[in-house]
Amino acid sequence: MGSMDTAGRLLVIDDDIELGRLLRTFLSSRSYAIEIAENGQQGIPKAISGDFALIVLDVMMPDMSGFDVLRRIRSVSMTPVLMLTARGNAQDRVRGLELGADDYLPKPFEPAELAARIAAILRRVRPRSGSPAVVGDVSVDPGTRIVRRGGEDVPLTTAEFDLLLVLLRAAGSAVRRPELAREVLGREFSPFDRSIDTHIWNLRKKLGPLPGGSERIKGVRGAGYLYVCPPPGHGDAT
Amino acid sequence: MKQGLFLKIFTSFWFTVMIAGILLEATGWYARRSARVQDRVLTGELAAAARTAVDTLERSGPPGLSGYLVRLQRTRPVMAYFLDDRGNEVTGRRAPPAVRREGLLALLESGIHQSGAYGEIVALQTLDARRRPYALVFVMQRRAITWDLADFPPFRLAAIFVISGVFCFLIARHVTRPLERLQAAASAIAGGHLDTRVNSALLLRGDEIAGLARDFNRMAEQIQGLVEGHKQLLANVSHELRSPLARLMVALSVVEESPPGEIPGKMERIRLETRRLDQLIGQLLALSSIDGLELTKVDLSVIVQDVADDADYEAHARNRRVVVAADAACVTHGSEEALRSAVENVVRNAVRYTAEGTGVEISLTCEAARAVLRIRDHGPGVPEGMLRNIFLPFRKGHDPSHGAGLGLAIAQRAVLAHSGNIRAFNAQGGGLVVEIELPMAVAIGQ
């Protein structure tokens, strides 16, 4: 089933079935097809089946929390996940992103905002033309969305992938946070939004340090982030 | 031993003051007694001394007499004067007027003459060889009873100093130490450390401070429970408010994008969510108003019958019944409003879950000490592990059409406010039983 066309198919995992139904009505007018799962048990098998282009996942669910569901999904699948978090709980937001969510939206939300976020994520997922970017032992192919480090596949979420691509294209010079937010998240940067920093943190963890042992992605105070150009000679080392 | 501390302080102070008083009195008494004894002895010696004085005068003249008197004064607590027949001191010393007066009296008449504030002046006539009269006058020295520090051996003074000091220190510390600990605990709680408790050593003292410490710990327990309960409730409330709000916002967007003809039908959704928000807020207010009840005489059987009638009426529409078996009258003290809402919430909950075609059975038994109200439905019951939690706010099946999830929490709060008990268990043969037990102890003033 994984090969079937997933375009426009969304999975909503939320214990509030009525909200799910309302979302279905709202989003279907934007030509999305919505399926609803009311808990983790129902949602996880569907989420990892590969039938869906994106998953909207509620954090506050009885029995199994959204974080647990996300962890289970991310252990096998990189399908984009948008989390619905509790408003005013900064910890939840960061935690979702750390676990590999692509974006979050505090509940209650403006439905138009949800639609915009969904569209932004889906736009990023779509394979883009462009030549692969290769810096040192890391190569990123926007066509296949495959990332390799020293010949090994590194599974990245869409946000992480886009972030890495932007940083690699500008390797050696810093990219400012607002620019990263615009390019990667498809929205304007706000000073209290720690999404970019969390994604960077995830990227560092997944890619590991440079062969020399130093950090791949450096934070530049007041300027943003910078992907370090490896010194010539070490370039193709494993 | 409720009065332990009072007794300790009272007896120790009383004891101290009493001992000091008795010692003072005993010292005075002893001094007076020994002075009296001494006076008698000296008076007894007066005749012999007078004889000797005359002999000495005749044998060795005034210088010899002077030597004798000095010896007398050195060996006895006395001032001795010897007057001739004209009342002049023979050795040439100046006699005080009282001594001279007593001496002159003795010259006129034989026998012992006594005067002075303590009878300390005694005089006796004596005759020399030529039968010339002389008078010997004793002024018996009586030391005033004063605390002459110089007379006290320094080590005894130090002992009194140290022993009384240690004693008072121990008493003072015994009283103030636990108070300091209590104060530290109180200020820790004031600083927000609600889990602070007073050390258990304090609780074992068996006096008023132990009672205070126990009550302090109970108070801290209570406050912590209340604050944490409210925090939890607030967190739950914000989540529960969020859900209908989220639905409202989506529903509004759906309506906005609908063709005009479909709008009225979709508005119903918005009305429903608004009603739910209203209901939730109403229940929250009910929950918080249970504190601070106004108590009156209440007939439980009337309340139960009223609630059952209303519930039965509503249940009929859904093909369910409510059946009551209640004792004739069951009067207790309580808040009618709170008790009514407790019964109502439990009964409504039962009607909601009982299967179609079945009835909710209510029984009220009234005993001397307690009233027991049982409400049984014929629904699916509750998994054993969940039974303890169903009275917590917002524990419910996840279908929000079942209400805001505060009903049983309100019932529990109301019952607890009446010092009662509420519990739930699964009935044999299926269905849930909620049992409310209310004490009748404070009941029936007349």
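All chains are named by letter (A, B, ...) in the order of the sequence lines, taking the proteins before the strands, and each is independently numbered beginning at 1. The model shown is predicted, which means the values in this text are computed figures rather than measured ones.
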Next item on the list: Take atom CZ of A/R72 as the centre, draw a 6.0 Å sphere, and report whether it contains more than 12 heavy atoms from other residues, nucleotides or ligands.
Entry: no
Notebook entry, point to check: What do you reckon, is CD of B/E337 surrounded by more than 12 foreign heavy atoms closer than 6.0 Å?
Noted result: no
Check: Do A/R30 and B/E257 have side chains that get closer than 4.5 Å, going by heavy atoms?
Finding: yes
Next item on the list: Kindly compute the distance separating CD (A/E18) from CD (B/E273), expressed to the nearest 0.5 Å.
Entry: 6.0 Å
Check: If you count heavy-atom pairs under 4.5 Å between each of B/P244, B/S258, B/A246 and chain A, which one has the most?
Finding: B/A246
Notebook entry, point to check: Distance from A/D16 atom CG to B/R242 atom CZ, nearest 0.5 Å?
Noted result: 12.5 Å
Checklist line | Partners meeting side chain to side chain contact (heavy atoms under 4.5 Å, CB included) with B/I223 (sequence neighbours left out) | finding: B/L194, B/M219, B/V227
Check: Once you round to the nearest 0.5 Å, how far does CG of A/L22 lie from NZ of B/K266?
Finding: 10.0 Å
Check: What pair of heavy atoms forms the shortest contact from B/S253 to A/E110, and how long is it?
Finding: OG-OE1, 4.3 Å
Item checked: All side chain to side chain contact (heavy atoms under 4.5 Å, CB included) counterparts of B/D278, not counting sequence neighbours -> none
Margin query: Within this structure, what is the CG-CE distance for the pair A/L19 and B/M249, rounded to the nearest 0.5 Å?
Written below: 11.0 Å
Notebook entry, point to check: Who pairs with B/S341 by side chain to side chain contact (heavy atoms under 4.5 Å, CB included), at least two apart in sequence or on another chain?
Noted result: B/N345, B/I410
Next item on the list: Please indicate whether B/E268 has more than 12 foreign heavy atoms, meaning atoms of other residues, nucleotides or ligands, lying under 6.0 Å from its CD.
Entry: yes
Next item on the list: Output the residues of residues 309-319 of chain B for which the shortest heavy-atom distance to chain A is under 4.5 Å, in residue-number order; output 'none' if no such residue exists.
Entry: none
